[in-house]
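The basis for the numbers below is simple: all heavy atoms, side chains too, and nothing from hydrogens, waters or symmetry mates. Proteins get letters first, then strands, A, B, ... in listed order; numbering begins at 1 in each. The model shown is predicted, which means the values in this text are computed figures rather than measured ones.
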There are 2 protein chains.
Amino acid sequence: MRIGELADKAGVSTRALRYYEEQGLLRSQRTSSSQRVYEESAADRVRLIQELYQAGLGSRLIVTLLPAIDAGEVGPELLTRLLDERAQIEAKAAVLQDAGRRLDMLIRLATHPDGQSCPSSLDQAVAQDSVSP
Amino acid sequence: MRIGELADKAGVSTRALRYYEEQGLLRSQRTSSSQRVYEESAADRVRLIQELYQAGLGSRLIVTLLPAIDAGEVGPELLTRLLDERAQIEAKAAVLQDAGRRLDMLIRLATHPDGQSCPSSLDQAVAQDSVSP
DNA sequence: CTTGCCCTTGACGTCAACGTCAAGTCCTAG
DNA sequence: CTAGGACTTGACGTTGACGTCAAGGGCAAG
């Protein structure tokens with residue numbers, strides 16, 4: 001398949017695909033006239049790349065990550081980086097969940113205008129909420 | 001306190017503080033010679049702003065989030081926005097958690113180099129993982 | 001008074017992950 | 001054979017959260 005079809009299947013732009021190749025994330029065969037040709041499996045690979053981007057990883061990390069994923073072997077140095085990134089991701093998720101709970105409290109305040117039962121003590125409510133998921 | 005001291009206490013640059021003010025995230029008093037003056041509570045506010053940035057939220061979202069968080073009063077119009085942004089936050093958190101599980105898989109692959117049981121099928125593993133938390 | 005550090009606004013630089021032309025080439029349908 | 005869509009490389013534009021000078025003002029110590 002050529003670049004347009006892959007872009008459709010993977011749900012990204014052709015520009016993105018050329019960029020991935022530029023960054024060493026994606027390879028392609030070429031026809032005699034320099035047109036890129038991909039195998040079917042490329043769509044899955046592109047989706048994987050997208051998900052890693054969505055997770056907030058940068059291309060430099062991804063470019064070292066992908067061969068490790070393919071090989072199924074992760075060296076100790078890369079492992080350290082992964083654990084680090086994992087911790088950062090966890091922290092981000094925690095902050096987001098906390099913000100989400102704060103928003104929930106605000107929303108409840110807005111939809112239950114009973115001004116008395118909830119003395120706008122957001123933090124208490126958040127604390128309560130977090131001990132009983 | 002002036003801007004340098006606040007920068008130290010909050011662990012950010014003075015440039016960042018001026019940027020926050022520019023974006024409407026942070027206010028300051030001014031001396032007769034235009035120097036910024038902050039109260040002690042500003043450090044906590046800056047740390048909160050930092051955490052929200054760290055979580056991947058943009059200033060436009062934060063600037064609407066902050067007043068809502070510390071006002072405790074939400075009008076119906078803002079409520080709509082909040083519900084919307086709550087959904088976006090949830091989506092982001094979900095992506096992050098999924099990415100975290102993928103990284104866990106990689107890390108397990110790295111720490112359990114048993115090359116046979118996991119033929120690099122990350123997606124399956126993640127799928128398995130998500131049905132049994 | 002002057003040295004020296006902190007402050008001011010203004011404006012340009014950066015980096016990532018692309019978007020968006022531009023100008024030319026390739027390929028397929030009719 | 002030709003029209004028009006898909007493809008090529010090249011290069012500049014964008015957005016966000018600052019970094020980094022630049023040119024000058026403010027102020028306490030010696």
Is there a side-chain contact between [X] and [Y], using heavy atoms and a 4.5 Å cut-off?
X     : Y     : result
B:T14 : B:R18 : yes
A:L66 : A:I62 : yes
B:S13 : B:Y19 : no

| request: May I have the step-by-step check of side-chain hydrogen bond (donor to acceptor under 3.5 Å, both in side chains) for B:Q35 and B:R2, ending in yes or no? | output: CA-CA 7 Å; B:Q35 299 210 349; B:R2 290 186 301 174; 3.1 Å; yes
Could you state the [atom1]-[atom2] distance from [X] to [N], rounded to the nearest angstrom?
X     : N      : atom1 : atom2 : value
A:E22 : C:dC15 : CD    : C1'   : 14 Å
A:L57 : C:dC18 : CG    : P     : 13 Å
A:I3  : D:dA6  : CD1   : P     : 13 Å
B:Q23 : D:dT15 : CD    : P     : 13 Å

Under 3.5 Å, sequence neighbours excluded: what are the donor-acceptor pairs made by side chains of residues 40-48 of chain B?
unit_1, atom_1, unit_2, atom_2, d
B:E40, OE1, B:K9, NZ, 3.1
B:D44, OD1, B:R47, NH2, 3.3
B:R45, NH2, B:D70, OD2, 2.0
B:R47, NH1, B:K9, O, 2.9

Point-to-point distance, once rounded to the nearest 0.5 Å, from [atom1] of [X] to [atom2] of [Y]:
X     : Y     : atom1 : atom2 : answer
B:L65 : B:L52 : CG    : CG    : 6.5 Å
A:L83 : A:Q88 : CG    : CD    : 12.0 Å
B:S28 : B:M1  : OG    : CE    : 13.0 Å

| said: Count I, L, V, M, F, W, Y as connected when their side-chain heavy atoms are under 4.5 Å apart, and connections chain through other members. Are B:L25 and B:V37 then in the same cluster? | reply: no
| query | Closest heavy-atom contact between A:Y20 and A:Q50? | reply | OH-NE2, 2.5 Å
| A:Y53 versus A:G58, closest heavy-atom pair with distance | CE2-C, 4.4 Å
| Hey, can you pull the residues of residues 14-21 of chain B with a non-hydrogen atom under 4.0 angstrom from DNA chain D? | B:R15, B:A16, B:Y19, B:Y20
| Counting only non-hydrogen atoms, which of residues 24-38 of chain B are less than 4.0 Å from DNA chain D? | B:S33
| field | Selection: residues 5-12 of chain A, any non-hydrogen atom under 4.0 Å of DNA chain C | value | none
| query | Quick one: bend of the helix from C:dC1-D:dG30 to C:dG30-D:dC1 from 5 pairs per end, to 10°? | reply | 10°
| query | Where the side chain of A:R2 is defined as all heavy atoms beyond and including C-beta, which of D:dA6, C:dC18, C:dC7 is the nearest nucleotide? | reply | D:dA6
| field | Listed partners of B:R30 passing salt bridge (Lys or Arg N to Asp or Glu O under 4.0 Å), at least two apart | value | B:E21
| Would the number of heavy atoms belonging to other residues, nucleotides or ligands and lying under 6.0 Å from CD of A:Q29 be above 12? | no
| task | Examine D:dG16: is either OP1 or OP2 under 4.0 Å from a nitrogen or oxygen in the side chain of B:S59? Give yes or no. | result | no
